[in-house]
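Below you'll find the structure, written out as structure tokens, and then a few comments.
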Amino acid sequence: MKQIILSLLIAFSPLLSQAEDGHALWLRYKPCNKANIIAPQGGPTLQLAVDELQRYWQGPALKLILNPNLKDDDGFIYDGDSICAHSEIGLLYGAYEALRIQAQEADPGLGGYTAPKFPRRILDHWDNLDGTIERGYAGRSIFFSAHLKGQAWANRIKEYARVNASIGLNGSVLNNVNAAPKVLTAEYIDTVCMIANVLRPYGIKVYLSVNFGSPKALGYTKTADPLDKSVIKWWREKANEIYKRIPDFGGFLVKANSEGQPGPFDYGRTHADGANMLADALAPHGGIVMWRSFVYGAKHKGEDRVKQAVSEFKDLDGLFRSNVILQSKNGPLDFQPREPYAPIFDNMSKTPQAVEFQITQEYTGQSKHLVYLAPMWKEFFYFVSPDSLKAIAGVSNVGDDTNWCGHPFSQANWYAFGRLAWNPSLSSDFIAQEWISQTFGNEVDSYALADMMTTSREACVNYMMPLGLHHLFAFDHHYGPEPNGFKAEYPLEWCPVYYHKASKDGIGFDRSSTGTNAVSQYREPYRSLYNDLKTCPDEYLLWFHHVPWDYKLRNGDTLWDELCALYYRGIEQVISYQKLWNKVRPQIDRERWEHVNTLLGVQLESAEQWRDTILRYFQQFSKLPIKYAYTDIAYPAEPSVSTIYDKP
Ligand code: BDP
């Protein structure tokens, strides 16, 4: 009998519904084979647009039109009946827009012209050549993989390309900024060429991170001095070699003289000398250099770490070639849950600039916490106008896990990055709702889930580092708290005690004009606003000021009480997400519901650990009681900080 049941089960198993593994991300269009797509003849990119629509378009007929009179900027017009664009890639983006609107059962509207805000919309992968990923929390590299070979390898990369094209991304830096020189050898250029061939029809260019010391490290030159003739020649020839194989290669991303990486300082040269030498090698082919400003502990060693980028680059403004873009993290420290914007954006008016966001959640719970990052990126755009930027880069959270990103909700950060790269004026809430209905279907309570998502970053700030605290992370892994962190053998800038400066007198880092004067690097009105304790926003308070434990905040609470309240509020927020997740259970498939439910449990446990570790540690100095407990907190119903910055 058992045998018969088993054989029946095996025979009918294909009919049983497939387990939901999250692999499809937000691309869950229903197949339809009756679509009438009218399109001109074209190349592979146009063919992709036609194929997607033929497979999934549910409407009566859809016309694709190439119009050379439209602007050549990846934009398109979609009005429900037709998609019109200057280029094939515009039509492909238009096709995904049409399918996105269809999936949400939304109205296409009047069909105005839409084009991306940033010409370069790039994912930076921190993939190592051995297949591991620096700060990757979702498996191994999809590019440099020993186990995924041949067709399976190419298929995964093709899927990746399609996902990126669906949100308008057009560049991928394939390897870690801590770059192995070996990536420039013929063997790897071969691999990169194969990847470029897969990405090309989707409008995606490949870029490489390069190690500044490559010619020397690979044994071709005696030095890596950017003014040395043999070095200049080597890079020129290397660029020629790459472009011979990959004519549309995007260019190089460089981390130089930062965290132990080689750079022009090693030879008494400047960042401009280094960047320009590479830029000259790439220029004949149309390539660019993305030179990172994430530097500390080099020329300005000993200075307040958050000031060092401006100190090092300010005098070089205007000295870079036109194909160099200076790439800076959104905050002046390092992808913390909250930082004020990086003042380098106020100091380099003659240099093309790019912002680097971190999609992979190194400091925001990795792939264990539900933290939707769009509100953090919107906060940055509140201070730094997208108009002033030439490119946008996001450190990717993609790995070879079946669901790509680890946490099912981390997929939303990939999605949001693409949507904001296209249109930074979309609100976090709008993007969350789009993502939810495409990812979980139109039957789920997208308002409630979007509310959870849009408050989740503030929750993370609350239970990790409220009121402008920063870098209280445990060494190396950057997941949990280690407020007493100090290691004599480490640079001071890696030690939490350097940042919070807690003592019996108070807490916080004085960066006002009476402290390190980091405020002087900001434009007005922010310089004065942050400098004055009375006007400094609470969310940046301990970033800019050292204040006594009984300091009275604007809401009348003392600093200590508010600090405690915020840690407790963070926990309450996570508990409220658990409750909500239970409520939407009937609307979500079992697999993803359970996965997220388990992770919310992990998140709550971590959040409690954060609260308890941090408050207990600071209490040694404040010597004040914690007057909160879950049961008796009454929070004022004020708008969350995120909503203040999150203007569409
Ligand atoms: C830090 C990471 C480190 C990166 C570095 C960078 O901890 O792994 O190499 O940034 O951006 O956040 O270069």
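Counting starts at 1 for both ligands and their atoms, in listed order.
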Separation between OG of Ser214 and CG of Leu208, rounded to the nearest 0.5 Å: 10.0 Å
Verify whether the ring centers belonging to Tyr617 and His500 lie closer than 6.0 Å. yes
Within the 4.0 Å heavy-atom sphere of ligand 1, strictly under, residues: Trp126, Glu134, Arg135, Val177, Asn178, Lys255, Glu259, Arg292, Phe294, Lys329, Asp334, Glu362, Tyr363, His478
Cation over ring face, Arg269 and Tyr267, 6.0 Å, 45°: no
Centroid-centroid under 6.0 Å between Phe383 and Phe345 rings: no
Pair Trp153 + Phe144: ring centers closer than 6.0 Å: no
ring-ring contact (aromatic ring centres under 6.0 Å, His included) partners of His545, counting only residues at least two apart: none
